[in-house]
Amino acid sequence: MTRRNFLTLTGSVITLALRGQAGSTAAAGEVPDAVSPPRVDLHVHLDNSTIEQVAALGVERGVKLGVVEHAGTKENQYPVVLSNDAELLAFITKLEGKGVYKGIQAEWIDWAGCFSKETLKQLDYVLSDAMTMPGPNGKRMKLWDPAATIGPAEEFMEKYVAWHVQCMAQQPLDIFGNTTWLPDALMPQYDILWTEARMQQLIEAAVKHNVALEISSWLQLPKLPFLRLAKEAGAKFSFGSNGRYPKMGLIDYCLESAAALQLTPADIYLPSPLGPKAARA
Ligand SMILES: [Zn+2]
């Protein structure tokens, strides 16, 4: 974590503490603000903590959390990858009655076949991202791995945008996480590399396939020009931190972006009572 990120997070904690006080007034009987976006964080990982610790933090911060675990074939390398109904059911059972939404962070474009629709139906949503992309040999390449082959920036961007579109077109996703993230080497050129045409390709795919675009409080991305275009196109947004304990529920960037764009609750994705799209497709 950089010093700047640390300071930002510290600021977030203070702001949320202040907002928490205002929120407790509303809880005491005032009519809730009907135009405020919901206080949710749908991208939370349990990694180094228990569900009890995480759930308590959600209550303390006044944010409804959605907990996700990596899911897909065992070709995906993570400490935990849910790969069949039994593994997914054990995860769902662990979250039962804890006051959190239940989700998975699906990997690659072959995850849906790992699970039955009956089991997927017990989830609230499926989130995925484009951070693992086909490498030069066609194999899964984690783009944040220092050993990843990024290559020339312009060529990378063409493949990367096409990969976003493919992920949304080929699998039934509810949320696209870490939207517009770039590998470290390219991040300084973010404003140049994310041309309007590229942003529009990604946004068009999201609208066409009804996938909510995550506003990431961790990355502080996407930036406002992207979010404005997405709003104009009628896209839905999702709030997420990608937080590991105790960094979940810190959604300042999401709320600030929502305020800047004058988003209403209708613009923000919340899980459907019908379950994830994957259970209905
Ligand atoms: Zn994640």
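Atoms within each ligand, like the ligands themselves, are counted from 1 in listed order. Note that the numbering runs from 1 along the sequence shown for the chain.
- Contact between Arg61 and Arg39 at its shortest, heavy atoms only, is O-NH2, 3.0 Å.
- Ion pair Glu69/Lys94 not flagged as a salt bridge, since none of the NZ, NE, NH1 or NH2 atoms sits closer than 4.0 Å to an Asp/Glu carboxylate oxygen.
- To the nearest 10 degrees, the Zn ion (ligand 1) sees OD1 of Asn242 and NE2 of His43 at an angle of 80°.
- Among the atoms of His70, none of the N, O or S atoms falls under 2.8 Å from the Zn ion (ligand 1).
- Among the atoms of Asn178, none of the N, O or S atoms falls under 2.8 Å from the Zn ion (ligand 1).
- At the Zn ion (ligand 1), the vertex angle linking NE2 of His45 with OE1 of Gln105 is 90° (nearest 10 degrees).
- Under the 30°/60° scheme for interplanar angles, the aromatic rings of Tyr160 and Trp194 are found to be tilted.
- For the pair Val211 and Ser128, the minimum side-chain heavy-atom distance is 4.5 Å or more.
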